[in-house]
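Written below as structure tokens is the structure these notes are about.
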Number of protein chains: 2
Amino acid sequence: MNIVQTVKDRLSDLSKNEYKVAQQVLLDPEAIIHVSTATLAKQANVSEPTINRFCRRIGCKGYPDFKLQLAQQLAKGASYVNSQIDDDDNVSTVTDKIFSSTLSALANTQRTLDHAAIEKTISYLKDARKISFFGFGASASVAHDAQNKFARFTTPAIFSDDVLVQKVAALNSLPGDVIVCFSHTGRTKALCEIAQLGYDNQATVIGITAKGSPLAKYCHVVVSTEVPEDTDQYMPMASRIAQMVLIDAIVAGFALAHGEEIKQQLARVKAGLKDSRFPPQ
Amino acid sequence: MNIVQTVKDRLSDLSKNEYKVAQQVLLDPEAIIHVSTATLAKQANVSEPTINRFCRRIGCKGYPDFKLQLAQQLAKGASYVNSQIDDDDNVSTVTDKIFSSTLSALANTQRTLDHAAIEKTISYLKDARKISFFGFGASASVAHDAQNKFARFTTPAIFSDDVLVQKVAALNSLPGDVIVCFSHTGRTKALCEIAQLGYDNQATVIGITAKGSPLAKYCHVVVSTEVPEDTDQYMPMASRIAQMVLIDAIVAGFALAHGEEIKQQLARVKAGLKDSRFPPQ
DNA sequence: ATATTAATGTAATTAAATTACAAAAACGAA
DNA sequence: TTCGTTTTTGTAATTTAATTACATTAATAT
């Protein structure tokens, strides 16, 4: 169980004093794992039994169980660090920092995903007559990758770098068609224009983007990767990696939602490509 | 502190009964974090104070501290799992498995990278007159992404999906030009053909691919991501994610190798794109 | 063989967590 | 608004878990 997320999700379920405990937990979870019921009760200005009640309310057996699970969750999150690249870093250091930072971003995305939105996305894609993928700049290759993944299924999947072809694709999307737009910030003007064209055409618009962004206004569902992007000049956009892994999950969910017929399709594609490769030694 | 390792390292420091406790801990560390001194003492056939003595002997404050640190360590280790997707998995489970598996692959790549090969790669790219990127299937979007990243610098960077344009680019690469080929297995025939065209033309060929593969024969340097690819039908190719992060590291190394002038270039590009986005709210 | 040190467990003690119960607060219905 | 019911809350009591004290036993060194 992700304790911090559960606490956040259940704030509205809590009583007045349990809420005070929750606030203390969210304030400094790292410190909490080391303190007694007596200490936490004092900090939160509640009685000791309220601590126990809070723990049971969110699904733990008691306070020791709560502390243990919190510690485990925090330890998972702490495996990955976010670093800056310095001008005098050597190649090994740079490489290590970039990998660690990417791992950190991915772990964070994993923790914060909106699963209901993903399910809704899969549901739309499953019933789509045609799917068009759009992305600009760093997100262009994500859109390209998504098209490549969906090309293994029979639902038509479209991607183009050509801005006119993109507009045609958006204008040509009707009810029953799906448009998928990738943008970390959701502030790219050209992409918002595409999304609006599709939206106004009654196509279903899926945004892999930031909630509340200009792009999100033209989306029927938004899935956000919640990557805090580093503005360091050398640091790459980890969000595009997170978007790609998210698409991997969506593709797998799409395949599962279709059931047995998909396996045969995938097997057919794989077999058909066999001759384009040298055999393994 | 890595509890399990510390226990193993200090077995020879332990008394006869403390050794019995250690054995029980190493037998099933996952279970230990949930049991009381009384229970563990019974399992190890020692007294309760011996449990406490064991904990203090290995450097913990007492048994709760020992359990907490053990739990944290186990949670860190548990981040790196590789899973199969089952037909009855729900979307949350699928998503979690794919993220975890990707994290595992990335962490593995991070640990096994050949830093000398990366340095050599950066050196070739730094001096390149022109860079062409090639990839097929899952690696196509990686090549696309790489071109996009290098497009921010002044060295000409080329990518195309069009197989004829690709051949032209390879035939048109001369000494001083660099060809970068992406392929996890290095067994894609079309890609090997491209690499050979460039190699025979005296262009420098960089392979982000498997060592000893057919493609590697036509490469001046090979950087491998060492991702054991799962043959599960639903599991995505994590290697392309690893390749992308690797390119991130190479791009950062390239930028650092160029020094101060690059910052101005990057700043110029960023400023020039500002108007293509809506301002942040 | 004897003295010293270390290990050990029983019993006692302390600390931490949980339960019981009565009072107070909050909520809903008339 | 009042009253009855339910929920929340904290004090006190109780239980559980962990630690300490002390005497005995075992191991080691002279």
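So you know, we letter chains A, B, ... as the sequences are listed, proteins then strands, and number each from 1. All values reported here derive from a predicted model rather than from experimental measurement.
- Per the geometry, CZ belonging to A/R56 stands 17 Å off C1' belonging to D/dT7, to the nearest Å.
- Between atom CZ of residue A/R53 and atom CD1 of residue A/I58 there is a gap of 15.0 Å, rounded to the nearest 0.5 Å.
- Minimum atom distance to the side chain of A/T37 is reached by C/dA17, of the listed D/dT8, D/dT11, C/dA17.
- Fit an axis to the five pairs at each end of the helix from C/dA1-D/dT30 to C/dA30-D/dT1 and the two axes sit 30° apart, to the nearest 10 degrees.
- In this entry the distance linking CD of B/E18 with P of D/dA26 reads 17 Å, nearest Å.
- Of the listed nucleotides (D/dG10, C/dG9, D/dT19), C/dG9 has the atom at the smallest distance from the side chain of B/N17.
- The CG atom of A/D13 sits 11 Å away from the P atom of D/dT8 (whole-angstrom rounding).
- Across B/R240 and B/A138, no two heavy atoms sit closer than the pair CD-O, 3.6 Å.
- A/F54 pairs in a ring-ring contact (aromatic ring centres under 6.0 Å, His included) with only one of the listed residues (A/Y63, A/Y19, A/F66), which is A/F66.
- A straight line from NZ of B/K42 to C1' of D/dA17 spans 13 Å, rounded to a whole angstrom.
- Atom P of nucleotide D/dA17 and atom CD of B/E48 are separated by 9 Å, given to the nearest angstrom.
- Here the side chain of A/S15 is nearest to one of D/dT9, C/dG9, C/dA20, namely D/dT9.
- Taking the six-membered ring where tryptophan is involved, the planes of A/F153 and A/F254 are tilted, since the angle between them lies from 30° to 60°.
- Rounded to an integer number of Å, the gap from A/N52 CG to C/dT19 P is 6 Å.
- Only B/G62, B/Y63, B/P64, B/K67, listed by number, bring a heavy atom of residues 60-67 of chain B to less than 4.0 angstrom from any atom of DNA chain D.
- Checking the phosphate oxygens (OP1, OP2) of D/dT11, no side-chain nitrogen or oxygen of A/S47 falls inside 4.0 Å.
- Remark: C1' of C/dA26 and NZ of A/K16 are 10 Å apart, rounded to the nearest angstrom.
- B/Q110 pairs in a side-chain contact (heavy atoms from CB on, under 4.5 Å) with only one of the listed residues (A/D96, A/I98, A/T95, A/T102), which is A/D96.
- Proximity note for A/R53 (side chain, C-beta onward) versus D/dA12, D/dA21, C/dC21: the nearest is C/dC21.
- For A/R57, a side-chain nitrogen or oxygen approaches OP1 or OP2 of D/dT8 to under 4.0 Å.
- When the P atom of C/dT8 is taken as reference, atom NZ of B/K20 falls 8 Å away, rounded to whole Å.
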